[in-house]
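Data first, discussion second: the structure below is written as structure tokens.
All ligand and atom numbering here is 1-based and tracks the order in the structure.
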Amino acid sequence: MTDSPARLAVFASGGGSNLQAILDHFDALGTDAPGIVALVLSDRSEAGALERARARIVPAVWLPRDRNSEMGAILREHRITHVALAGYLRLVPSAVVREYQGRMVNVHPALLPAFGGPGMYGHRVHEAVVKAGARVTGPTVHFVSEHYDEGAIIAQSEVAVQPGDTAEQVAARVLEQEHRIYPRIVADLCAGRLAAAG
Ligand code: GRF
């Protein structure tokens, strides 16, 4: 890697509030930003994340699941140096994971290794947390490996679960915390301030 500014791709399947937090944080850093959001990629054509990208004149690409094998070529075409998964629900092809090892991160809405793994995403995570009677939850940011939610952990942030909390209440509190920690970690990643692992 050279010291030239990072060209970050954000992958998202949903509303893209974490994408928005990253865009806002990079804007706020101004000339101190370690790079730019150069691509937003989604497996869902109607994802709010694609709209948010277009609103910022960031290239927005819809990659349907049956064209997943084109992902590497798309990233090369946009000269992507780093990747942040933000609510992306498809498995990233192994070849792409290997190519971006140590330069691709994910945010998961629970304290891994608890409440992670295949099928544990979105609302299901918070429902499982409430059902298990956990007293604490919170986001985990980790490097992406070839297995769901198993890469090296970079940061975790604890959020209390109050007795009687619904999954919706827990989800909202965790999401707020994600918005606080994820953009900073993504900026650190792009600046080369995270120990390479994966
Ligand atoms: C977040 O809770 C994230 O942890 C999970 O998916 C959700 C995405 O939300 N992986 P948004 O699309 O960023 O609003």
Side-chain angles (χ1 to χ4, degrees), residues 8-28 37 39-56 58 60-63 65 82-92 96-97 100 104-132 134 136-161 165-187 189:
L8 175 71
V10 179
F11 292 8
S13 301
S17 69
N18 275 294
L19 162 68
Q20 191 67 52
I22 292 167
L23 287 166
D24 292 347
H25 184 60
F26 276 47
D27 273 2
V37 179
L39 175 70
V40 172
L41 181 146
S42 183
D43 57 311
R44 291 182 49 232
S45 60
E46 74 281 19
L50 292 177
E51 276 311 306
R52 291 184 197 261
R54 291 186 194 110
R56 295 285 185 115
V58 172
V61 169
W62 168 43
L63 184 67
R65 59 194 301 186
H82 298 76
V83 179
L85 308 185
Y88 186 67
L89 300 181
R90 294 266 158 262
L91 197 60
V92 176
V96 176
V97 172
Y100 285 89
M104 183 184 294
V105 292
N106 180 41
V107 62
H108 181 80
L111 298 172
L112 293 173
F115 306 109
M120 269 298 190
Y121 58 84
H123 209 61
R124 296 180 188 195
V125 176
H126 305 294
E127 272 160 11
V129 165
V130 168
K131 198 167 166 208
V136 66
T137 185
T140 299
V141 180
H142 62 94
F143 285 105
V144 174
S145 74
E146 289 177 54
H147 303 281
Y148 270 120
D149 300 332
E150 283 183 17
I153 291 173
I154 299 162
Q156 296 187 303
S157 176
E158 294 192 354
V159 171
V161 182
D165 268 353
T166 62
E168 288 75 20
Q169 286 168 315
V170 173
R173 222 174 288 138
V174 171
L175 191 61
E176 200 182 310
Q177 199 58 22
E178 289 177 37
H179 296 163
R180 277 202 199 107
I181 68 168
Y182 200 36
R184 285 173 177 75
I185 293 171
V186 170
L189 174 80

Shortest protein heavy-atom distance from atom 10 (N) of ligand 1, along with the residue and atom involved: V107 O, 3.2 Å

Heavy atoms of other groups near E158 CD, more than 12 under 6.0 Å: no

Which residue and heavy atom of the protein sit nearest atom 12 (O) of ligand 1, plus the separation: G16 N, 2.8 Å

Ligand-residue contact atoms, ligand 1 with S17, heavy atoms, under 4.0 Å: 11 (P), 12 (O), 13 (O), 14 (O)

With R180 via salt bridge (charged side-chain N to carboxylate O under 4.0 Å, His left out) - residues at least two apart: E176

Heavy-atom nearest neighbour of atom 9 (O) of ligand 1 within options N18, V174, V10: N18

For atom 8 (C) of ligand 1, the protein heavy atom that lies nearest, with its residue and separation: G87 CA, 3.7 Å

Main-chain N/O of L50 paired with S42 side-chain donor or acceptor, under 3.5 Å: no

G15: numbered ligand 1 atoms lying under 4.0 Å from its heavy atoms: 12 (O)

For E146, all residues meeting side-chain contact (heavy atoms from CB on, under 4.5 Å), sequence neighbours excluded: S94, V97, R98

Nearest protein heavy atom with distance in Å, relative to atom 2 (O) of ligand 1: E178 OE2, 3.0 Å

Closest heavy-atom pair and its distance - A160, R173: O-NH1, 2.8 Å

Nearest heavy-atom neighbours spanning A132 and F115: CB-CZ, 3.8 Å

